[in-house]
Amino acid sequence: QEKRRKMIIKEFFTKNDEMLDLYTQAITKAHGAHHPEVFEVRKVYEDIKKKVRAGQEDLTADFSKLRSLTADYAIPADACGAMTKTYQTLEEFDNLVQG
């Protein structure tokens, strides 16, 4: 079961990495001025990416940090589609990691 969960996490990452990489970068430009936390969100995502690629499965601390940075993935009122999609996808990823 643990092996299956790791596979699901890896598949989710593979499927969404390109979009998340692009969007976490884009939202720093679009929302960085009013939402400075997006710079940290980008940094944490880069850490997650490195860990998944290195085969490290323990992402608990990373997602815990994301939850606190984003107030549990709350979508700001002025969020664009990219920011909304980023937060929703990260939340989905987080749920998979938590199992």
Side-chain angles (χ1 to χ4, degrees):
Q1 191 181 358
E2 184 57 25
K3 197 175 179 181
R4 170 136 177 76
R5 199 172 70 87
K6 286 176 184 173
M7 222 170 69
I8 290 169
I9 289 168
K10 185 95 174 137
E11 278 171 17
F12 186 88
F13 171 77
T14 305
K15 191 178 90 183
N16 293 287
D17 174 46
E18 203 177 317
M19 180 271 290
L20 282 171
D21 193 50
L22 186 73
Y23 283 12
T24 54
Q25 179 93 48
I27 64 176
T28 62
K29 294 182 178 89
H31 295 284
H34 297 113
H35 298 284
E37 71 278 2
V38 295
F39 292 102
E40 279 297 305
V41 169
R42 169 71 181 163
K43 222 184 287 180
V44 175
Y45 183 69
E46 288 177 318
D47 289 343
I48 288 171
K49 193 181 168 116
K50 278 184 205 132
K51 286 182 179 177
V52 173
R53 291 200 169 143
Q56 293 173 27
E57 273 88 22
D58 190 9
L59 306 170
T60 316
D62 303 280
F63 281 104
S64 173
K65 195 170 179 183
L66 281 178
R67 280 194 300 278
S68 92
L69 284 169
T70 62
D72 289 325
Y73 307 103
I75 313 285
D78 60 347
C80 63
M83 189 175 194
T84 302
K85 179 79 174 143
T86 301
Y87 281 21
Q88 287 170 340
T89 307
L90 287 171
E91 184 173 23
E92 203 181 325
F93 198 175
D94 189 350
N95 291 333
L96 283 177
V97 167
Q98 288 183 62

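From a predicted model like this one, the values you see are computed outputs, not experimental measurements. Along the sequence shown, residues carry numbers from 1.
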For this session: Measure the CG-CD distance between L96 and E91 for me, rounded to the nearest 0.5 Å.
Result: 11.5 Å

For this session: Evaluate whether atom NZ of K10 has more than 12 neighbouring non-hydrogen atoms of other residues, nucleotides or ligands under 6.0 angstrom away.
Result: yes

Problem set entry | Those residues that, when tested against D17, pass salt bridge (charged side-chain N to carboxylate O under 4.0 Å, His left out) (two or more places apart) | K49, R53

Exercise. T24 and I27: which non-hydrogen atoms are nearest, and at how many Å?
Worked result: O-CG1, 3.5 Å

For this session: Determine, for R42 against E46, whether the closest basic-nitrogen to carboxylate-oxygen distance falls under 4.0 angstrom.
Result: yes

Problem set entry | CD (E2) with more than 12 external heavy atoms under 6.0 Å | yes

For this session: Could you tell me how the ring of F93 sits relative to the ring of F12: parallel (under 30°), tilted (30 to 60°) or perpendicular (over 60°)?
Result: tilted

For this session: Test H35 against D78 for side chain to side chain donor-acceptor pair (under 3.5 Å), laying out the working first.
Result: CA-CA 10 Å; H35 298 284; D78 60 347; 2.7 Å; yes

For this session: Would you confirm whether D58, through its side chain, and T60, through its main-chain N or O, come within 3.5 Å as a donor-acceptor pair?
Result: yes

Problem set entry | CG on L59 to CZ on F13, rounded to 0.5 Å | 9.5 Å

Seminar exercise, completed: Paired with I48, the side chain to side chain contact (heavy atoms under 4.5 Å, CB included) test is passed by just one of L20, L66, D94, namely L66

For this session: Sequence neighbours left out, what passes salt bridge (charged side-chain N to carboxylate O under 4.0 Å, His left out) with K65? Give chain and number order.
Result: E40

Would you tabulate the side-chain donor-acceptor contacts of residues 80-90 under 3.5 Å, counting partners in other chains and residues two or more places apart, or write 'none'?
unit_1, atom_1, unit_2, atom_2, d
T84, OG1, C80, O, 3.0
T86, OG1, A82, O, 2.6
T89, OG1, K85, O, 2.7

Exercise. Between atom CD1 of I8 and atom NZ of K3, what is the distance when rounded to the nearest 0.5 Å?
Worked result: 13.5 Å

Exercise. Do you know the tightest heavy-atom contact between V97 and I9?
Worked result: CA-CD1, 3.9 Å

Seminar exercise, completed: Value for CD (E37) from NE2 (H31), rounded to nearest 0.5 Å, stands at 10.0 Å

